[in-house]
Amino acid sequence: MDQVTTPREEQRLLTAVPPAEDAALLAEVVELRVRNEQLGRALASRAVIDQARGMVMALAPCSNDRAWDLMVDVSQHCNIKLRDVAAALVATTKDRTLPEPIQRELRRALTRLHAADRR
């Protein structure tokens, strides 16, 4: 699943078979391989995102949807992909320190969350 088709391999595949029908079929195969690799990465990161969401739900405490919104908020304010924010949160269970920008934004997001709950 970690195998990625490189541009050079794609070019080699596209130029390997000259007939037009075969070239179209080959282009579709390359596109499907790329999509399959993307889906594989998405599935792998989804598990980490769900673990992090559970951590936020336990720490905040908040609903599943609120935890998602909070993580998205942190991701956007830090300009870090959501899967990377999630991975950093999950890594804290292995005694890794949460990066300072994520710590700061998580603190701010939690403050906003609790302020909204008080209203």
Side-chain angles (χ1 to χ4, degrees):
M1 186 164 14
D2 290 333
Q3 184 178 2
V4 176
T5 307
T6 65
R8 180 179 290 165
E9 289 170 332
E10 289 176 13
Q11 186 61 35
R12 185 180 52 78
L13 286 171
L14 288 172
T15 58
V17 183
E21 298 101 23
D22 290 346
L25 182 60
L26 202 48
E28 185 177 352
V29 167
V30 168
E31 180 183 337
L32 289 172
R33 281 184 180 176
V34 168
R35 182 176 285 166
N36 189 37
E37 291 164 0
Q38 290 170 341
L39 288 171
R41 286 191 299 272
L43 282 173
S45 65
R46 188 62 189 204
V48 173
I49 291 170
D50 287 343
Q51 289 173 3
R53 192 187 316 193
M55 291 172 67
V56 170
M57 290 168 61
L59 292 171
C62 63
S63 70
N64 188 23
D65 290 338
R66 286 282 195 129
W68 175 263
D69 292 342
L70 189 139
M71 288 174 43
V72 167
D73 190 44
V74 169
S75 170
Q76 289 175 343
H77 281 89
C78 291
N79 197 26
I80 299 173
K81 291 183 183 290
L82 180 63
R83 68 176 178 255
D84 295 335
V85 170
L89 283 168
V90 171
T92 63
T93 65
K94 297 175 184 161
D95 294 329
R96 295 211 181 113
T97 304
L98 196 60
E100 200 281 320
I102 296 175
Q103 279 184 30
R104 182 181 57 247
E105 289 305 327
L106 182 59
R107 205 173 299 116
R108 289 177 181 167
L110 287 168
T111 300
R112 287 190 297 273
L113 174 74
H114 292 304
D117 287 344
R118 285 187 225 128
R119 292 181 194 160

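Below, each value reflects all heavy atoms present in this structure, side chains not excepted, and no hydrogens, waters or symmetry copies. All values reported here derive from a predicted model rather than from experimental measurement.
Between the CG atom of Leu32 and the CG atom of Leu39 there is a distance of 10.5 Å, given to the nearest 0.5 Å.
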Can you list, pair by pair, the side-chain donor-acceptor contacts under 3.5 Å of residues 105-113, counting residues two or more places apart and other chains?
from, atom 1, to, atom 2, distance (Å)
Glu105, OE2, Arg108, NH1, 3.0
Thr111, OG1, Arg107, O, 2.9
Arg112, NH2, Asp73, OD2, 2.2

Extract all donor-acceptor atom pairs below 3.5 Å that involve side chains of residues 43-64 and protein atoms in other chains or at least two apart in sequence.
from, atom 1, to, atom 2, distance (Å)
Ser45, OG, Arg41, O, 3.3
Ser45, OG, Ala42, O, 3.1
Arg53, NE, Asn64, OD1, 3.3
Arg53, NH1, Asn64, OD1, 2.8
Ser63, OG, Arg66, N, 3.1

Under 3.5 Å, which donor-acceptor pairs do the side chains of residues 87-100 form with other protein atoms, sequence neighbours left out?
from, atom 1, to, atom 2, distance (Å)
Thr92, OG1, Leu89, O, 2.5
Thr93, OG1, Val90, O, 2.6
Glu100, OE1, Arg104, NH1, 2.7
Glu100, OE2, Arg104, NH1, 3.3

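Each of Arg35, Arg33, Glu28 was scored for a side chain to side chain contact (heavy atoms under 4.5 Å, CB included) with Glu31, with one residue passing: Arg35.
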